[in-house]
Amino acid sequence: AKGIVYARSMYNIQHTVTPEDGALKVKLECIRPDAEIHYTTDGSEPIATSPLYKEKLAVKETLNLKSATFVKGRQMGKTLTLPVRWNLATAKPVSGCNPNEKLLTNGIRGSLKYSDFEWCSWTNNDSISFTIDMEKMEKVNTFTIGCITSYGMAVHKPRLIEIAVSGDNKTFDKAGERTFTPEEIFREGNYIEDISISLGGVETRYIRVTAKGIGKCPDNHVRPGQEARSDDRMIKMNNLLKPFFLMMLAAPAIISTTAQQQQPEWQSQYAVGLNKLDPHTYVWPYADASEVEKGTFEQSPYYMSLNGKWK
């Protein structure tokens, strides 16, 4: 009404879902201190009279969590939709060498955008391994892995996925594996595919997953010669193991030197961005509307200049 145009994205919600004590703890945040977060757990759209978010939500079942920010009864940001899928592996402990491995069993599937903070990444590794503790003996028929491919960013599935099982977390027996050829791995496109590994109804408590990368991208790739790293996503199980989501990608590094001149990355139709941040608008937070009308963001209590002498 006052002709003020502002970035509504400042009212969007950021989420974090982590396994804690056999449940999923959902944390919702907004950078705007004047915004309230209201949510629903039945898939309906949140309104100003929906439950008010005050602290982390504990989730122990499949549900569609929706939340949005409100100011004086008016919805301000986009609705955040989190489809939480509960199964045998959800909230189960995962051990390995990466602190982000807790994401693997948080019930949220990673999207086609591998930078959506729902992927667990290992850098400079051609082989990674981690173990899921089912916390009791379970019969496992099938282990299904969802792998993401983003050809232009050199994101590819591994050449080998191996599953080993154990009852005591000491002695492991190989239960199944899948291997892939370079032609299968470097197929062009941007997609997620589910890969199933039959385990034959084995009884186990501990499940160890080992994935080995393909190594360098071939010379005819848009990113030739780059070393591989791996990113993994989510594990799902009921009375059989279901989708766990895995991503293998090449880390930005070495360009191979061959006698034949390779096409520069910036001339590739697949390379839409190299090491760039996600686009966003400038956002200047204010305490209230009267401060916005003055148009002097430097006077906002939420503004701090970094100019001056650094120590």
Side-chain angles (χ1 to χ4, degrees), residues 9 11-32 35-71 73-94 100-120 132-136 138-148 192 194 196 207 231-247:
S9 59
Y11 287 99
N12 290 343
I13 298 171
Q14 293 77 47
H15 73 278
T16 306
V17 183
T18 54
E20 294 182 23
D21 302 323
L24 296 178
K25 295 300 180 68
V26 182
K27 182 179 181 180
L28 304 176
E29 297 177 288
C30 177
I31 63 173
R32 289 293 308 183
E36 293 181 342
I37 298 176
H38 292 267
Y39 67 92
T40 64
T41 57
D42 60 0
S44 62
E45 290 297 316
I47 58 177
T49 56
S50 298
L52 175 66
Y53 174 83
K54 296 180 179 180
E55 58 185 0
K56 290 182 181 180
L57 303 176
V59 177
K60 292 187 176 181
E61 61 183 353
T62 294
L63 55 81
N64 288 324
L65 175 65
K66 290 189 175 183
S67 59
T69 54
F70 293 81
V71 175
R74 177 189 175 192
Q75 182 172 339
M76 304 300 292
K78 293 182 178 179
T79 298
L80 172 66
T81 301
L82 285 178
V84 181
R85 298 296 173 256
W86 192 272
N87 50 72
L88 193 61
T90 307
K92 292 297 191 294
V94 182
N100 287 331
E101 282 161 351
K102 58 187 178 181
L103 294 174
L104 295 169
T105 57
N106 77 347
I108 306 295
R109 183 170 189 174
S111 70
L112 276 173
K113 184 178 180 182
Y114 65 85
S115 58
D116 66 357
F117 302 105
E118 286 295 346
W119 295 96
C120 183
I132 308 117
D133 181 3
M134 307 282 286
E135 299 185 316
K136 64 179 181 178
E138 296 283 358
K139 182 179 180 180
V140 182
N141 296 314
T142 305
F143 191 94
T144 300
I145 301 176
C147 298
I148 185 172
I192 293 175
D194 291 337
S196 294
I207 301 173
D231 287 44
D232 293 335
R233 191 50 202 101
M234 181 179 118
I235 301 161
K236 290 187 179 178
M237 294 173 277
N238 33 52
N239 61 346
L240 52 87
L241 250 85
K242 285 190 174 179
F244 146 73
F245 303 99
L246 175 85
M247 178 172 77

- [ ] Considering non-hydrogen atoms only, spot the tightest contact between Leu24 and Asn106 and give its length.
- [x] CD1-O, 3.3 Å
TODO: For Thr49, check side-chain hydrogen bond (donor to acceptor under 3.5 Å, both in side chains) against everything at least two apart and list the hits.
DONE: none
Open item on the list: Quick check for you: to the nearest 0.5 Å, what is the distance between Thr18 atom OG1 and Lys27 atom NZ?
Closed with: 9.0 Å
Open item on the list: Would the distance check show the side chain of Asp133 and the main-chain N or O of Pro93 forming a donor-acceptor pair, the cut-off being under 3.5 Å?
Closed with: no
Open item on the list: Quick test of your reading: applying ring pair (Phe, Tyr, Trp, His ring centres under 6.0 Å), list the pairs with at least one residue in residues 47-70, sequence neighbours left out, ordered by first then second residue.
Closed with: His38-Phe70
Open item on the list: Can you confirm whether Leu65 sits close enough to Val59 that some side-chain heavy atom of one is under 4.5 Å from a side-chain heavy atom of the other?
Closed with: no
Task: Nearest heavy atoms of Arg85 and Leu63, plus distance in Å - done: NH1-O, 3.6 Å
Open item on the list: Is it the case that the side chain of Ser50 and the backbone of Thr40 share a donor-acceptor pair, with hydrogens and angles ignored and the cut-off at 3.5 Å?
Closed with: no
Task: Lys66 versus Pro46, closest heavy-atom pair with distance - done: CB-CD, 3.9 Å
Task: Heavy-atom closest pair, residues Met134 and Lys92 - done: O-CE, 3.3 Å
Task: Lys25 atom NZ, over 12 foreign heavy atoms within 6.0 Å - done: yes
Open item on the list: Donor-acceptor pair, distance only, cut-off 3.5 Å: does the side chain of Asn12 make one with the backbone of Gly77?
Closed with: no
Task: N/O donor-acceptor pair under 3.5 Å between Thr69 side chain and Tyr11 backbone - done: yes
Open item on the list: Between Arg109 and Ile192, is there a side-chain heavy-atom distance shorter than 4.5 Å?
Closed with: yes
- [ ] Write out all pairs satisfying salt bridge (Lys or Arg N to Asp or Glu O under 4.0 Å) with one or both partners inside residues 52-61, taking only residues at least two apart or from two chains.
- [x] Glu20-Lys56
